[in-house]
Every structure is written in C-alpha cells, then in structure tokens.
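Here's the structure, in structure tokens; my notes come after.
Computed from a predicted model, the values in this text were never measured in an experiment.
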Amino acid sequence: MRIERLVSMANDIGNFFNSEPDKTVAAAGVANHLRRFWDPRMRTQIVEHYREGGEGLEPIVRAAVELISRS
C-alpha cells in the first residue's frame, strides 16, 4: 500500500483519539487500534516510515507508531 495512504489513514485514527485529554492514553489507543485492525504488513510499513523520519505523521500518531516499533 502507498505510504501516503497509510499516513492519511493513521492520522484519521489519531484525530479520533486526539480528543482524549491525556495524550499518553490517546497514543496508546491509536497503537492498540493499529495492532488490532491493521494487517502486519501495513504496521511494518508505517514503522519503517516512522524510522525514516515519519514525514506527515501527526504527533499523536508518531507517538503511537513509536510504541508499536518497540514491540
């Protein structure tokens, strides 16, 4: 899948969780969503993109992908 599409999808998920006042909880929510609903290949691509600088990722999504990259 094109990385631009994955970034857009991840940012949409992040926008949903961004209403959570505690941004640590919000990032965990995004990470949990990505783990549960994204194909492993999609997660691998977004983590690789993050490691290459993460262009276009919103801060909450960047934090979530960092969490995923550690597991």
>> With clusters defined by side-chain heavy atoms of hydrophobic residues (ILVMFWY) lying less than 4.5 Å apart, directly or transitively, does M9 cluster with L57?
In response: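 Yes, it is one cluster - the side chains of L57 and M9 are joined through contacts under 4.5 Å.
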> Is there a path of hydrophobic side-chain contacts, each under 4.5 Å between heavy atoms of I, L, V, M, F, W or Y residues, that connects L34 with M42?
Replying inline: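 L34 and M42: one cluster.
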> Partners of R70 by side chain to side chain donor-acceptor pair (under 3.5 Å), sequence neighbours excluded?
Replying inline: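 Once residues adjacent in sequence are excluded, the partners of R70 under the side chain to side chain donor-acceptor pair (under 3.5 Å) criterion are E66.
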Distance check, rounded to the nearest 0.5 Å: [X] atom [atom1] versus [Y] atom [atom2]?
X   : Y   : atom1 : atom2 : answer
I46 : W38 : CD1   : CH2   : 4.5 Å
F37 : N32 : CZ    : CG    : 8.0 Å
F16 : H33 : CZ    : NE2   : 9.5 Å

>> For the CZ atom on R5, are there more than 12 heavy atoms of other groups (residues, nucleotides or ligands in this structure) within a distance under 6.0 Å?
In response: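 Open: at most 12 neighbouring heavy atoms sit under 6.0 Å from CZ of R5.
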What are the two closest heavy atoms between [X] and [Y], and how far apart are they?
X   : Y   : result
I60 : A27 : CD1-N, 3.6 Å
R35 : S71 : NH2-OG, 3.6 Å
G29 : F17 : O-CZ, 3.5 Å

>> Applying side-chain hydrogen bond (donor to acceptor under 3.5 Å, both in side chains) as the test, list every pair that has at least one member in residues 6-18; sequence neighbours left out.
In response: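 Found N18-K23.
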>> Before you tell me yes or no, could you show the steps for V61 and I13 under side-chain contact (heavy atoms from CB on, under 4.5 Å), namely the whole-Å CA-CA distance, both residues' side-chain angles and the distance that decides it to 0.1 Å?
In response: CA-CA 8 Å; V61 176; I13 295 163; over 6 Å; no
> Counting only N and O atoms by type, is there a donor-acceptor contact under 3.5 Å from the side chain of R43 to the main-chain atoms of I68?
Replying inline: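 Not a single qualifying donor-acceptor pair exists.
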>> Closer than 3.5 angstrom, by distance alone: can the side chain of Q45 be matched with the main-chain N or O of L6 as a donor-acceptor pair?
In response: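 Between the backbone of L6 and the side chain of Q45 there is no qualifying donor-acceptor contact (under 3.5 Å).
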> How would you list, by chain and number, every residue that makes a salt bridge (charged side-chain N to carboxylate O under 4.0 Å, His left out) with E48, sequence neighbours excluded?
Replying inline: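 Here no residue qualifies.
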>> My understanding is that only residues two or more places apart in sequence, or in another chain, count here; which of them pass salt bridge (charged side-chain N to carboxylate O under 4.0 Å, His left out) with R41?
In response: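 Here the qualifying residues are D39.
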> So which pairs with a foot in residues 50-62 pass salt bridge (charged side-chain N to carboxylate O under 4.0 Å, His left out), sequence neighbours left out?
Replying inline: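 The answer is none; no pair qualifies.
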> With sequence neighbours left out, what residues match A64 under side-chain contact (heavy atoms from CB on, under 4.5 Å)?
Replying inline: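 Per chain and number, A64 pairs via side-chain contact (heavy atoms from CB on, under 4.5 Å) with V30, A31.
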